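One structure below.
This is a predicted model, so every value here is computed, not measured.
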Protein chains: 2
Amino acid sequence: MVTIKDVAAHAGVAFKTVSRVINNDPTVKPKNREKVLKAIEELGYRPNRAAQMTRRKKSGVVGFIADELLRVPYTFDLIKGAQDLAWKHNKELMVLNVNVDKYSVEGAVNHLFEHRAEGIIYAAMYHREVQLPSHFSEVPTVLANCYDSDGHYPSIVPDEQEAARQITASMLSKGYNRIAFLNLNENIIAARLRKKGAEQAFADAKQSPDNLIIESVIINDEDGEHSVTRNRAAELINSFKPDAILCGQDPIAVEVYFVVQALGLQVGKDIGIGSFDDWDIIPSLVQPGLTTMALPHYEMGQWAFNYLLEERTDKAKETAQFTLVSRQSF
Amino acid sequence: MVTIKDVAAHAGVAFKTVSRVINNDPTVKPKNREKVLKAIEELGYRPNRAAQMTRRKKSGVVGFIADELLRVPYTFDLIKGAQDLAWKHNKELMVLNVNVDKYSVEGAVNHLFEHRAEGIIYAAMYHREVQLPSHFSEVPTVLANCYDSDGHYPSIVPDEQEAARQITASMLSKGYNRIAFLNLNENIIAARLRKKGAEQAFADAKQSPDNLIIESVIINDEDGEHSVTRNRAAELINSFKPDAILCGQDPIAVEVYFVVQALGLQVGKDIGIGSFDDWDIIPSLVQPGLTTMALPHYEMGQWAFNYLLEERTDKAKETAQFTLVSRQSF
DNA sequence: TTATAAAAAGACAACGTTGTTTATTTGAGC
DNA sequence: GCTCAAATAAACAACGTTGTCTTTTTATAA
């Protein structure tokens with residue numbers, strides 16, 4: 001590989017001058033700068049990052065630990081949010097996936113330490129509480145889509161309650177006023193907060209809480225669980241007779257579509273459907289398109305990176321807002 | 001940060017001895033090794049990768065350029081396949097997303113060169129021909145899920161033809177013998193190959209080609225296009241009267257589900273449906289579950305990494321096999 | 001015990017860059 | 001043309017490692 005000295009020899013200057021040119025030091029005469037740039041061009045020289053890092057004692061590396069317990073593809077946006085900023089600021093985002101069976105968090109942190117990461121973003125694949133090993137305290141760390149109970153680390157999570165309030169309010173404003181909420185399981189924080197949000201919307205609109213029924217639904221990829229959700233949804237429609245159904249996540253909504261269709265009802269006409277996530281292409285795939293609250297993954301990724309970039313030290317507890325993506329399901 | 005010399009001082013040995021311990025050099029007496037390990041433990045020392053790289057003149061970095069023209073989430077498996085192996089071999093997989101509007105391939109390659117990447121995996125998000133800038137020739141490069149017309153680079157792509165043959169044959173073997181194939185647009189290589197595969201299956205089974213109709217479908221996220229697909233599917237069912245429909249990708253299949261249901265038919269009973277991709281959770285979300293040919297993304301990612309790891313130099317043109325994921329749709 | 005070889009540990013240079021100090025060149029003012 | 005300061009360039013050390021060579025220690029055989 002061609003080094004800074006090769007360039008210097010080729011340009012007929014001291015190698016330090018080449019270094020100056022690379023680093024935009026203004027104390028290089030235009031004539032020399034030109035010579036150097038020409039030599040760089042001709043030799044195809046590229047500075048060696050590893051050498052720069054050792055000498056500068058700065059790595060420019062930011063770690064991103066993706067706690068991939070769930071295979072939720074759209075969370076990729078979390079990474080993208082951070083990565084776009086990293087690229088922009090000429091930093092390296094070192095992404096490490098950890099999961100229970102394969103790579104431990106310890107291993108990932110160790111790896112990042114060896115690379116002298118200047119900060120770590122720890123991101124969970126769904127909004128939840130996490131418990132981090134103590135080594136994290138050695139380097140600035142920020143949590144995305146999760147939080148720690150001690151409040152020891154800054155964090156950003158989706159504003160679940162406000163999202164639920166907003167979509168419920170939107171339903172109410174469109175005249176739907178008897179709503180069944182097929183919520184996520186309440187051991188998930190999002191479910192508890194969304195419940196509050198929905199109730200708040202009803203209270204704000206001075207609607208009777210009797211017209212809101214909230215149930216937890218079991219989520220699982222196994223086929224058995226699907227039919228449970230479906231049966232429960234069908235029962236609920238027949239007994240409670242809602243004019244709209246709010247679903248805890250888009251996949252639940254898809255199931256409800258099938259149930260509604262099987263009952264001979266038309267989504268968006270006979271019954272409204274709303275949801276949370278904006279999960280990949282799913283909402284635009286069903287007919288009619290599913291109105292859903294989009295998770296602010298990209299924004300959370302950006303916020304987290306920015307927090308580190310700005311070398312903040314406060315213990316921020318930030319929330320990020322969902323976006324209502326309106327289609328035709330209500 | 002604690003360095004190798006700090007450890008040496010703490011352990012009372014020469015710093016070279018510490019280096020030996022780190023690198024598992026057997027010529028260190030057990031007693032000294034123990035002292036050093038203890039010191040490492042006590043000081044929390046971790047070798048500085050950047051320094052190792054400069055001295056060793058090896059980066060251990062493999063670049064992964066993800067040509068993300070399409071937002072297809074399940075292609076993440078391509079990265080995972082490579083990353084799992086990278087981790088296992090203690091290499092760094094540097095993933096860079098490039099796309100038309102933001103980051104150029106040139107920029108990504110430059111970045112990788114600065115990191116002295118020892119190899120590059122160039123992965124496309126859908127099976128297609130690519131044209132790479134010439135700098136790639138400077139470092140071992142392998143293509144995943146794409147190929148170059150010159151055959152200059154080794155590559156691995158999904159075996160589209162065999163996949164189509166296989167799923168069609170599977171349908172035929174189950175008694176479906178009048179099949180409508182809602183294929184992808186034929187300007188996509190996959191569509192052309194799959195057409196051949198389906199025809200081959202018919203020929204192999206000595207079925208009349210008249211019982212196979214193949215049509216290209218326009219794929220687009222905009223809502224207008226959806227209805228086009230749907231209308232065409234409905235027409236086809238009414239006119240051609242197939243007993244099974246093969247779809248070019250899972251999202252098309254979902255649309256067909258809705259059409260079939262609207263026509264009062266039952267998927268898996270009155271009409272079979274098969275598809276390609278195994279796109280995230282979609283196939284298990286629809287009812288009944290969608291039988292589909294899973295793309296071998298993970299395997300392609302692994303193969304590509306392995307090719308570089310083994311320092312192969314042949315111009316391999318490999319294909320990877322899809323996997324038939326059987327559910328209840330046919 | 002001594003000679004000798006093998007094993008282990010140490011000393012020192014090197015990797016490709018940047019920080020710091022020192023030397024040289026340039027240009028302004030007389 | 002000369003002086004002197006400012007601008008520019010060069011020299012050299014340093015970053016934290018590993019490679020190579022040299023020295024010291026240990027073990028073995030006579």
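When each of C:dG16, C:dT18, D:dT26 is scored by its nearest atom to the side-chain atoms of A:N23, the top-ranked nucleotide is C:dT18. Residue A:A14 has its side chain nearest to D:dA10 when only D:dA10, D:dG16, C:dG10 are considered. Nearest to the side-chain atoms of A:R20 among the listed nucleotides D:dT17, D:dA10, C:dG16 stands D:dA10.
In this model, the phosphate group of C:dT17 is not approached by any side-chain N or O of A:S19 to a distance below 4.0 Å at OP1 or OP2. For C:dG16, the OP1/OP2 oxygens have a side-chain nitrogen or oxygen of B:K57 closer than 4.0 Å. An OP1 or OP2 oxygen of C:dA8 is reached within less than 4.0 angstrom by no side-chain nitrogen or oxygen of B:N32. Contact annotation: A:T17 reaches the phosphate of D:dA10 (side-chain N/O to OP1 or OP2, under 4.0 Å).
Residue A:T3 is in sugar-phosphate contact alone, with no base atom involved, counting any heavy-atom pair closer than 4.0 Å across all strands shown.
For the pair B:R56 CZ and D:dG19 P, the interatomic distance rounds to 7 Å; values are reported in whole Å. Straight-line distance from the NZ atom of A:K29 to the P atom of C:dT24: 16 Å, rounded to whole Å. Atom-to-atom, NZ of A:K31 to P of D:dT8 comes out at 14 Å; the value is rounded to the nearest Å. As rounded to whole Å, 17 Å separates atom P of D:dG16 from atom NE2 of A:H115. When the C1' atom of C:dT17 is taken as reference, atom CZ of A:F15 falls 8 Å away, rounded to whole Å. The separation between B:N48 atom CG and D:dA14 atom C1' is 14 Å, rounded to whole Å. Nucleotide D:dG19 holds its P atom 12 Å from the CD1 atom of B:I22, rounded to whole Å. Rounded to an integer number of Å, the gap from B:K5 NZ to C:dG10 C1' is 13 Å.
A donor-acceptor contact shorter than 3.5 Å links the side chain of B:E118 to the backbone of B:G60. Panel note: side chain B:K317, backbone B:Y153; a donor-acceptor pair is recorded below 3.5 Å. Distance alone, capped at 3.5 Å, places no donor-acceptor pair between the B:D150 side chain and the B:H152 backbone.
Judged by closest nucleotide on DNA chain C, B:T27 is the one of B:T27 and B:T54 placed further toward the 5' end.
In terms of polar N and O atoms assigned as donor or acceptor, the side chain of B:K16 comes within less than 3.5 Å of the base of D:dG19 in a complementary pairing. No N or O donor and acceptor, one from the side chain of B:R55 and one from the base of D:dT17, sit under 3.5 Å apart.
By the 6.0 Å contact criterion, CD on A:E34 is open, its count of non-hydrogen atoms from other residues, nucleotides or ligands being 12 or less.
A salt bridge links B:E114 with A:R49; the closest basic N to acidic carboxylate O contact falls under 4.0 Å.
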